[in-house]
Amino acid sequence: MNNRGRAPASTMLQITSPVAAMPGIGPKRAAALASRGIETAADLIFHLPSRYQDWRERSSPDDLCPGITAVIEGDLGKISERPMRGSRWRRLASGWLNAGGRQIRLVWFNLPAYMRGYLPGEQRVLIRGRVSAAVDGGLEIAQPELHPLSEGEPKGLRPVYRVPTLVGQRLFANLVARTLAQISVSGAIPDEVRGELPSIQEALAYLHDPPPDADFRALQAGESPGHLALAFDELFAFELALLIERSRSARRAGIALENREALSRRLINEIPFELTGAQTGAIKEIGDDLARQGQMNRLLMGDVGSGKTLVAFWAMLRAVECGYQAAMMAPTELLAEQHYRGFQRWCGKFGGHSALLTGRVTGTDRKSVLRGLANGEVGVVFGTHALIQERVRIRELALGVIDEQHRFGVFDRAKMKALGARTNLLMMTATPIPRSLAMSLFANLDVSFLDEMPPGRTPISTDIYAEEDLSQVHELLRIELDAGGRAYYVVPFIEGEDDEAKSVSATAARIGKSALRGARIGTMHGRMASAEKDRVMREFRDGALDILVCTTVVEVGIDVPEATVIVIDAAERYGLAQLHQLRGRVGRGDKPSRCCLIASRDSDPASIERLEVMRQCRTGKDVAEADLQLRGPGDLLGARQTGALPLRFIHLVRDLRTIERARKMAEDWLKRDPDLASSGSEGARDALKKMLSLGFSLGDVG
Ligand code: ADP
Ligand code: MG
């Protein structure tokens, strides 16, 4: 890219200059722009064209046919205007274009702003628009764009903006051009390391006024060098922020847990199986981290069923053997209870005094748990939000574990940390993300991976069924139940929502009359009180129910080894990651399991393709990679932020290597200028300030 649009030495506008003060912008237009969030010069220049028009290639008159979008040169006859039938206000304009002897009718239902009060007839023009067949069999273009050749050649690539009609395309484009010429914008990336990358100023100039040889397709798709430069700059700032946060929290004091081994070793000796290599590795990493003085902020990523819980127990015991306390928070009561029971089973004899704190623990039981936590008698506590919501005091919390951390919000994590002044944090997730992406996505955290499954797992076979073949699925369920299995049956709706036939209760009633007659069927969904949900889930776990018809509430962490089938109705509605989580509910025992994906009648080919990918991918790693292929890393990154950070262009990143490059660049820069104190870091400092200005601590991202 060249240096077109470089700011002149004396700049007259600041990025904060109000649009309302610009020439041509009165109060009404200012208000219309403000309603689209365009109030300052910066808003203006970062309001990118939503698409482009290519005027570079003229169609030959002989090639014109209905359906194509064409640029045509010709002689424009007189344009006449008359009121539109049935409307007092709207006017219809029409005229003829003579292009090499072919007559093309032009019609405007809505006069563009530049034609109002002036109808540019009887001259040589370029016309751009979609050709259609007129009623009389001739050719017609409705609402064409017009460029009088008396003004010279048009711009080859014309930007089209989403702007209020009151402002119009041309006025907006002029405003942007004038602003860009009078302003100096800098990005986060220091000039010293920018290399070949266009500057922000160059990128904006490119996007608002593409050079004549620019790739039209890339511009339309948001993949042009200008787009990538903006995305990359944002990515750099983001990675920088994460890395800075990481080094800050490493400097924060955490309780150092020495290697005592008394209890943690015993756990390893007493469990009825061998640790996987990955578990041993993660335990080593966590142990080393806990032994340090700094605070631990670690994410444990592992596929569903990879055995994260055991690793967490080990770390909790390390806290206890060193004389401190540990807490583990899970998103549902049932899961908290499951962890508590698991801990009792494996560590009950030696793990010291452990307790459960959920909404179900009330009265004197609750009082005694709270007392035990406050005076240090309770060494290990498992719980839900109750752990952070109530006025819980913990004497000296050395370790907080958050299971299924993606289910918790930013503030929940902060509150968990706030339970102790020097609490170390271990977060766990099964969200399938490729390792390389995770390293950049969670650059503020240390990450341990459990990328190995315990041995002896039977693979889950996945099949896709058409809605018409439901009876086959029911037959299959019958066979599984007769063999002593249990089944999840996931449907998309609760009664009263959308498609009644696919609601929990309608489905439960229907399958009760099918080949599954006589089966004990329970129902569960997100609108049920949590005590009620837990009751049903418990019945299913304990074998009092054969089939659990439910919504995706069942997604999280529940371990019922006897469940051997999961049916997912309307499976095309879900993303790969979610399908994988759901599928992970089965295949937890020693019997082979299956997953039946039912595709709705009206599902589109792309979603069927996604189901096919799901059928072929067995591990979380496969799913993660496929998801990355389908969605692109920018989308995953963007989704992670859920609007918390003002990241506007990151979703344009299509390539994993770009993310790695940005991270590398941020790392290298921090080595050169750790405190961002040099003048080269000025843009980076501004970008960081912007990110943090929303009262958002990156330390809570994760
Ligand atoms: P997740 O990582 O999804 O939270 P869990 O911690 O619930 O997985 O473990 C799934 C199951 O695997 C549990 O029943 C657990 O007891 C078992 N498990 C964990 N580690 C091993 C191992 N090394 N060998 C065999 N089974 C294991
Ligand atoms: Mg788990």
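Since the model is a prediction, treat every value here as computed from it, not as a measurement. Counting starts at 1 for both ligands and their atoms, following the listed order.
- Taking a 4.0 Å cut-off on heavy atoms, D403 fails to register as neighbouring ligand 1.
- Between the side chains of T462 and R583, at least one donor N or O lies within less than 3.5 Å of an accepting N or O.
- Residue G305 has at least one N or O atom closer than 3.5 Å to an N or O atom of ligand 1.
- Residues passing the side-chain hydrogen bond (donor to acceptor under 3.5 Å, both in side chains) test with D288 are K284, sequence neighbours excluded.
- Applying the 4.0 Å criterion to heavy atoms of L275 picks out, from ligand 1, the atoms 23 (N).
- Residue D303 touches ligand 1 through its backbone alone, judged by heavy-atom distances below 4.0 Å.
- Distances shorter than 4.0 angstrom occur between a heavy atom of S306 and an atom of ligand 1.
- A salt bridge does not link E532 with R538: every distance from a Lys NZ or Arg NE/NH1/NH2 to an Asp or Glu carboxylate oxygen is 4.0 Å or more.
- Salt-bridge annotation for R407 and E404: absent, with no side-chain N of the basic residue lying under 4.0 Å from a carboxylate O of the acidic one.
- With a heavy-atom cut-off of 4.0 Å, W346 touches ligand 1 through its side chain alone.
- Considering both main-chain and side-chain atoms, G307 comes within under 3.5 Å of ligand 1 through a nitrogen or oxygen pair.
- The backbone N or O of T276 sits less than 3.5 Å from a side-chain atom of Q279, completing a donor-acceptor pair.
- Using a 4.0 Å cut-off between a side-chain N of Lys or Arg and a carboxylate O of Asp or Glu, D451 and R435 qualify as a salt bridge.
- To the nearest 0.5 Å, the span separating CG on L425 from CG on D446 amounts to 12.0 Å.
- Ion pair D546/R520 flagged as a salt bridge, since at least one NZ, NE, NH1 or NH2 atom sits closer than 4.0 Å to an Asp/Glu carboxylate oxygen.
- Between atom 5 (P) of ligand 1 and the options T309, I271, T276, the minimum heavy-atom separation is to T309.
- Listed by number with element, the atoms of ligand 1 under 4.0 angstrom from any heavy atom of E274 are 22 (C), 23 (N), 24 (N).
- Those atoms of ligand 1 with a heavy atom of V304 less than 4.0 angstrom away are 3 (O).
- At a heavy-atom cutoff of 4.0 Å, ligand 1 is contacted by the side chain of R588 but not by its backbone.
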